[in-house]
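One structure is given below, encoded as structure tokens.
All figures in this text were calculated on a predicted structure; none of them were measured in a lab.
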Amino acid sequence: MAGITAEASWFCCGNAWGPCGSAGHGACGTCNSGNMQHAWPNTSDSCYAITHPDTCGITAMSRRTCGFRHATTSLCTGKRVVTSIADCGPQTDLFCGERTCCGGNCASNRVIDFTPAAFSALGLSLNSGLSPVSIDVA
């Protein structure tokens with residue numbers, strides 16, 4: 001998979017952690033807000049049918065299933081984390097063209113949703129909610 005530059009967001013799953021109450025454990029059944037995990041919009045045919053990243057022009061997105069590891073670098077902080085897929089999402093087609101910038105670094109289209117622990121490990125504030133990132137295979 002070639003690297004993807006896109007927006008990242010965060011979501012709650014599993015056991016209560018930080019700002020999250022208890023929630024479901026995601027499509028993979030393993031998601032927990034305190035773990036280094038993320039959601040990916042192309043984990044299965046049924047996931048892709050919900051998230052439709054192709055609607056936003058993202059056509060080079062590889063199918064990656066539960067447990068697959070991505071390495072993501074924040075374009076704001078330069079910090080890098082390796083996380084594993086634990087859920088389907090975000091619903092990319094709802095955010096086509098949405099753009100987030102920090103400094104001169106910008107990205108469009110939500111492609112990856114992190115647990116709060118992973119988003120924070122990128123040196124990002126949960127209050128910001130979105131960040132431009134670069135995503136590669138681990």
- Query: What is the minimum heavy-atom distance between R110 and T92, and which atoms define it?
  - Reply: O-OG1, 2.7 Å
- Hydrophobic cluster membership, L130 vs L124, 4.5 Å side-chain cutoff: no
- Evaluation steps, side-chain contact (heavy atoms from CB on, under 4.5 Å), between I85 and T65: CA-CA 7 Å; I85 295 174; T65 57; over 6 Å; no
- List for me each residue that meets salt bridge (charged side-chain N to carboxylate O under 4.0 Å, His left out) alongside R63, sequence neighbours excluded, and say none if there are none. D45
- With S44 via side-chain contact (heavy atoms from CB on, under 4.5 Å) - residues at least two apart: S46, C47
- Message: Can you confirm whether I112 sits close enough to V133 that some side-chain heavy atom of one is under 4.5 Å from a side-chain heavy atom of the other?
- Response: yes
- Minimal heavy-atom distance between A16 and S22, with the atoms involved, is N-OG, 3.8 Å
- Query: Nearest heavy-atom pair of R69 and S84: which atoms, and what distance?
  - Reply: CG-CB, 4.1 Å
- Donor-acceptor contact below 3.5 Å, side chain T83 vs main chain Q37: no
- Message: Distance check, rounded to the nearest 0.5 Å: T51 atom OG1 versus L94 atom CG?
- Response: 9.5 Å
- Query: Is any side-chain heavy atom of W40 closer than 4.5 Å to a side-chain heavy atom of V111?
  - Reply: yes
- Query: Which pairs, with at least one residue in residues 99-108 and sequence neighbours excluded, count as a side chain to side chain donor-acceptor pair (under 3.5 Å)?
  - Reply: E7-T100
- Considering only heavy atoms from C-beta outward, does the side chain of L75 approach that of T5 to under 4.5 Å? yes
- Query: Between atom CG of D113 and atom OG of S9, what is the distance when rounded to the nearest 0.5 Å?
  - Reply: 3.5 Å
- Message: Does any part of the side chain of H70, heavy atoms only, come nearer than 4.5 Å to the side chain of V82, both counted from C-beta?
- Response: no
- Query: Would a hydrophobic clustering, with Ile, Leu, Val, Met, Phe, Trp and Tyr connected at side-chain separations under 4.5 Å, put V81 with W17?
  - Reply: no
- In terms of heavy-atom contacts, D93 and H52 come closest through CB-O, 3.6 Å
- Item | Residue pairs, two or more places apart or on separate chains, that pass disulfide bond (SG atoms under 2.5 Å apart) and touch residues 102-138 | C76-C102, C101-C106
- Task: Taking the side chain as every heavy atom from C-beta outward, state whether F95 and N109 have any pair of such atoms under 4.5 Å apart.
- Result: no
- So side chain to side chain donor-acceptor pair (under 3.5 Å) across residues 114-133, not counting sequence neighbours, yields none
- Counting N and O atoms only, with roles assigned by atom type, does the side chain of T77 sit under 3.5 Å from a partner on the main chain of L122, one being a donor and the other an acceptor? yes
- Message: Rounded at 0.5 Å granularity, tell me how far CD1 in I4 sits from OG in S134.
- Response: 9.0 Å
- Query: Are Y48 and I50 connected in the hydrophobic side-chain network, where two residues link if heavy atoms are under 4.5 Å apart?
  - Reply: no
- Heavy atoms, side chains only, cut-off 4.5 Å: are H25 and D87 in contact? no
- Message: Minimum heavy-atom separation for M61 and P53, please, with both atom names.
- Response: SD-CG, 3.8 Å
- Hey, does F114 have a side-chain heavy atom less than 4.5 Å from the side chain of T72? yes
- All heavy atoms of G14 vs all of N32, minimum pair found to be CA-OD1, 3.3 Å
- Task: Indicate yes or no for a side-chain donor-acceptor contact from S33 to the backbone of P116 under 3.5 Å, with no hydrogens or angles considered.
- Result: no
- Message: Quick one, F119 and L126 - any side-chain contact, counting heavy atoms below 4.5 Å?
- Response: yes
- Message: Go through it in stages, so that I can follow the logic: the residues are V137 and F68, the test is side-chain contact (heavy atoms from CB on, under 4.5 Å), and I'd like the CA-CA distance, side-chain angles, deciding distance and then a yes or no.
- Response: CA-CA 9 Å; V137 296; F68 185 86; 3.6 Å; yes
- Going by chain and number, the hydrophobic cluster around F11 (ILVMFWY, side chain to side chain under 4.5 Å) further includes none
- Is the C20 SG less than 2.5 Å from the C13 SG? no
